[in-house]
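Residues: numbered from 1 along the sequence shown.
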Amino acid sequence: MSTTSVARRAAARENGKKSTGPKTDQGKARSRWNAISHGLRATHPDAPLPPDLAAEVAAETIIFNDGLKPQNALEERLVGRAAAASARWMRLSHAELQITAQRT
């Protein structure tokens with residue numbers, strides 16, 4: 001037999017009716033990204049990045065644009081993807097070094 005009172009169960013049911021998540025398409029689209037904490041494994045191109053990683057990607061993009069000088073939209077897209085991959089790779093390498101240092 002449950003030790004939870006009838007009144008408490010009724011209150012929990014009423015509260016549950018109030019919190020059913022986003023209703024609009026815009027709210028659902030926004031909440032889709034709530035669980036992203038670091039963005040390193042994001043595969044969706046529109047996935048938001050944490051501000052610090054976004055800044056690293058922006059810096060890499062400048063470096064890649066200056067070095068590769070994209071001539072059209074396709075090249076610009078490829079430079080953007082390469083810059084994002086580079087920033088993620090550097091972040092992962094740094095994390096790996098920290099983990100390795102902690103083991104010794």
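Remark: Gln26 CD is loosely packed, at most 12 non-hydrogen atoms of other residues, nucleotides or ligands lying under 6.0 Å away.
Judged by distance alone, with hydrogens and angles left aside, the side-chain atoms of Ser86 form no donor-acceptor pair with the main-chain N or O of Ala82 at under 3.5 Å.
Residues forming a side-chain hydrogen bond (donor to acceptor under 3.5 Å, both in side chains) with Lys18 (at least two apart in sequence, or on another chain): none.
Annotation for Pro22 and Gly27: closest pair CB-C, 3.5 Å, computed over non-hydrogen atoms.
You'll find the side chain of Glu56 stays beyond 4.5 Å of the side chain of Met90, heavy atoms only.
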Considering only distance and modelled atom types, tabulate donor-acceptor pairs under 3.5 Å from the side chains of residues 65-72, sequence neighbours left out.
unit_1 : atom_1 : unit_2 : atom_2 : d
Asn65  : ND2    : Thr61  : O      : 3.3
Lys69  : NZ     : Asp66  : O      : 2.6
Gln71  : NE2    : Lys69  : O      : 2.8
Asn72  : OD1    : Leu74  : N      : 3.1
Asn72  : OD1    : Glu75  : N      : 2.8

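Atom CZ of Arg88 sits about 6.0 Å away from atom CG of Leu53, to the nearest 0.5 Å.
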